[in-house]
Amino acid sequence: MSTREAVWEVANRLGVVAGTPAELFSALLAGPRRTVRVPLPPDHALARALRPLGQVDLVADGPPEPPPAAPVDLGDPAAVCAADPVRVTRGYEADPDPRGGLRPAWLRAGQSLLRDQDPAERALVLLAALDGAADPRLAPALARRAAGSAWRLASASREPCTALTTAPDGRLVVRADRVAAAACLPDGTQAALDERGRLRVSGGPGGRLTDAVVATLDGHPATALAAAGGALLTGDRMGTVHAFALAGLEQAGLHSGRVTALTATATTTATTVYSGGEDGTVRVWRPGLAPRRTPVAHRPYPVVALHAHAGGRLLAVAWADGLAELHHLPGRRAVPFRPGPRVRAVAVTDDGSLAVGLDDAVLLLTEAGAGAGPGRAAPPGAGISPR
């Protein structure tokens, strides 16, 4: 079992995203101590490296073995998507030929591709992972194979992304600078939370409210940020969400541990806040009312990012294990997507598409049957406003 394959397998079982041993160690050191059954013999190099960290108690398990089969044609998209993923991974590791771009795409998205999934879903993940140097025939071939998946890839823009939000006119705003979160105010002002938890504003008039929040966060750093209507929302490391408005401040303790993500929508009569936490819950709160006791979503992994559509019926959620979801409210139907690399940010566009921000890409996905089908993808960057 190669080191790369072992890292992907262990990361999947631990619920983190990692492509290298260093990334795996970093993810483990940032989390709690836990026990996990890993697909490694005790003398495997990765098992020996993990043991001294003290963050994980390893219970050795046999590595996954691909079933006996004929060799896979590593240059054939259909064959690669249908074959055993362990066999494909080992084939690409043994042969450096890029196969028109299939090999680098597979190795970029391998942590997702190694999971059990239909060939159509695997084709979608591979399509999203293709880079600009790939053989132009690969994208339409993979799009045809992805026709049975829940999503269609509308566009893939190869650009850095640290945060996503939407502007008042509906444009998708991509932040590539070092910010933890971003939000747009109705007057066009862009607000961003820097890595130290301070508020930075640009591109608009600002005003008394933003000045007050800037002053507050200079002394009490925030961990999450959102804006809706006339309110600015922040979260803190104690699990409390703060709603700042000219009429005053309201607060609610919503999480056990740090607030990791916020989003909000507003009507003329109410503001609805969705918060995500280190505790793995997504909760909803309307300032002025008691928080709802039942979470909107709950998984055993921290929430990474949230974004609600202005209409209030769609909520995008990203989790620390690399899963992005589009939740249909209030029916609670969730449509998942795992790109492979870690998800930095998510957003819902005006037409109901899901934008997924990665370290080096922004993907725009439409639900099958809800938008353009294969072969009708929008040009890269369409509808995107970089910042």
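Computed from a predicted structure; not experimentally measured.
Here the side chain of R338 pairs a donor or acceptor atom with the backbone of D321 at under 3.5 angstrom. In this structure a side-chain-to-backbone donor-acceptor pair under 3.5 Å is present from T89 to P85. With H307 contributing its side chain and V348 its backbone, the two residues share a donor-acceptor pair below 3.5 Å. With hydrogens and angles ignored, the 3.5 Å screen pairs a side-chain donor or acceptor of R103 with a backbone N or O of D95. Side chain of S157 to backbone of V362: no donor-acceptor contact under 3.5 angstrom is found. No donor-acceptor distance shorter than 3.5 angstrom exists from the side chain of Q190 to the backbone of G203, with no hydrogens or angles considered. Here the side chain of E23 pairs no donor or acceptor atom with the backbone of V17 at under 3.5 angstrom. Remark: the backbone N or O of A147 is paired with a side-chain donor or acceptor of R152 at under 3.5 angstrom.
Taking hydrophobic clusters as Ile, Leu, Val, Met, Phe, Trp and Tyr residues chained together by side-chain heavy-atom distances below 4.5 Å, L314 does not share a cluster with L262. Both L358 and L114 are assigned to one and the same hydrophobic cluster, defined by single-linkage of ILVMFWY side chains at heavy-atom distances under 4.5 Å. In terms of hydrophobic clustering, with Ile, Leu, Val, Met, Phe, Trp and Tyr side chains grouped at heavy-atom distances under 4.5 Å, V356 and V304 are assigned to different clusters. Hydrophobic clustering (side-chain heavy atoms under 4.5 Å, transitive across Ile, Leu, Val, Met, Phe, Trp, Tyr) keeps L289 apart from Y274. Tracing side-chain contacts under 4.5 Å through hydrophobic residues (I, L, V, M, F, W, Y), one never reaches Y301 starting from V296; they form parts of separate clusters.
Counting only heavy atoms from C-beta outward, the side chains of E367 and W151 approach each other to under 4.5 Å. Side-chain contact between L102 and P77 is present, with heavy atoms from C-beta onward closer than 4.5 Å. A heavy-atom distance below 4.5 Å is not found between the side chains of M238 and V259. Taking the side chain as every heavy atom from C-beta outward, R122 and W106 approach each other to under 4.5 Å. Contact of the S112 side chain with the Q117 side chain is registered, since non-hydrogen atoms from C-beta on lie closer than 4.5 Å. L153 has its side chain within reach of L124: a pair of non-hydrogen atoms, C-beta onward, lies under 4.5 Å apart. In this structure the side chain of V317 reaches within 4.5 angstrom of the side chain of V303, judged on heavy atoms. T265 is not listed as a side-chain neighbour of H309, based on a closest heavy-atom distance of 4.5 Å or more.
Ion pair R99/D135 not flagged as a salt bridge, since none of the NZ, NE, NH1 or NH2 atoms sits closer than 4.0 Å to an Asp/Glu carboxylate oxygen. Salt bridge R342/D359: present, at least one basic N to carboxylate O contact under 4.0 Å.
What you find for H327 and A297 is that their closest heavy atoms are CE1-CB, 3.9 Å. When every heavy atom of A192 is checked against every heavy atom of V179, the shortest pair comes out as CB-CG1, 3.9 Å. Considering all non-hydrogen atoms of both residues, V173 and C184 come closest at CG2-SG, 4.2 Å. Considering every non-hydrogen atom in both V72 and A83, the closest pair reads CG2-CB, 3.6 Å. In this structure, R198 and P221 approach most closely via the heavy-atom pair NH1-CG, 3.5 Å. Of all heavy-atom pairs spanning A129 and A105, the tightest one is CB-O, 3.5 Å.
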Q: Verify side chain to side chain contact (heavy atoms under 4.5 Å, CB included) between F337 and V125, making sure each step is shown before the conclusion.
A: CA-CA 8 Å; F337 175 66; V125 173; 4.2 Å; yes

Q: Could you please spell out the steps behind the side chain to side chain contact (heavy atoms under 4.5 Å, CB included) verdict for C81 and L142?
A: CA-CA 9 Å; C81 293; L142 286 169; 3.9 Å; yes

Q | Pair L315-V282, side chain to side chain contact (heavy atoms under 4.5 Å, CB included): steps then yes or no | A | CA-CA 10 Å; L315 176 69; V282 178; 4.1 Å; yes

**Q.** Step-by-step side chain to side chain donor-acceptor pair (under 3.5 Å) determination, H242 to D236
**A.** CA-CA 8 Å; H242 311 263; D236 65 27; 2.9 Å; yes

Q) For T162 and R344, what are the C-alpha separation, side-chain angles and deciding distance, and is it a side chain to side chain donor-acceptor pair (under 3.5 Å)? A) CA-CA 6 Å; T162 56; R344 281 282 197 174; over 6 Å; no

Q) Hey, mind stepping through D279 and H298 against side chain to side chain contact (heavy atoms under 4.5 Å, CB included) and telling me if it holds? A) CA-CA 9 Å; D279 58 5; H298 185 201; over 6 Å; no

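Separating the CG atom in L199 from the OG1 atom in T216 is a distance of 9.5 Å, to the nearest 0.5 Å. With rounding to the nearest 0.5 angstrom, the CG atom of L127 is 11.5 Å from the CZ atom of R144. Rounded to the nearest 0.5 Å, atoms CZ (R313) and NE2 (H328) are 9.5 Å apart. Note that the CG atom of L24 and the CG atom of L14 stand 6.5 Å from one another [nearest 0.5 Å]. Atoms CZ and OG1, on F244 and T210 in that order, are 12.0 Å from each other to the nearest 0.5 Å. In this structure, L354 CG and L164 CG are separated by 9.5 Å, a value rounded to the nearest 0.5 Å.
Pairs engaging residues 209-221 under the salt bridge (Lys or Arg N to Asp or Glu O under 4.0 Å) rule: none recorded [sequence neighbours left out].
Few gaps surround CZ on R51; more than 12 heavy atoms of other groups in view lie less than 6.0 Å from it. Within 6.0 Å of the CZ atom in R237, the count of heavy atoms belonging to other residues, nucleotides or ligands does not exceed 12. Atom NE2 of H220 has 12 or fewer neighbouring heavy atoms from other residues, nucleotides or ligands inside a 6.0 Å radius. Counting non-hydrogen atoms of other residues, nucleotides and ligands closer than 6.0 Å to CG of D97 gives a total above 12.
A donor-acceptor contact closer than 3.5 angstrom links the side chains of E93 and S2.
Screening T263, L254, V241, L306 for a side-chain contact (heavy atoms from CB on, under 4.5 Å) involving V273 leaves a single residue, V241. None of T240, T260, T281 except one satisfies the side chain to side chain donor-acceptor pair (under 3.5 Å) rule with H255; the exception is T281.
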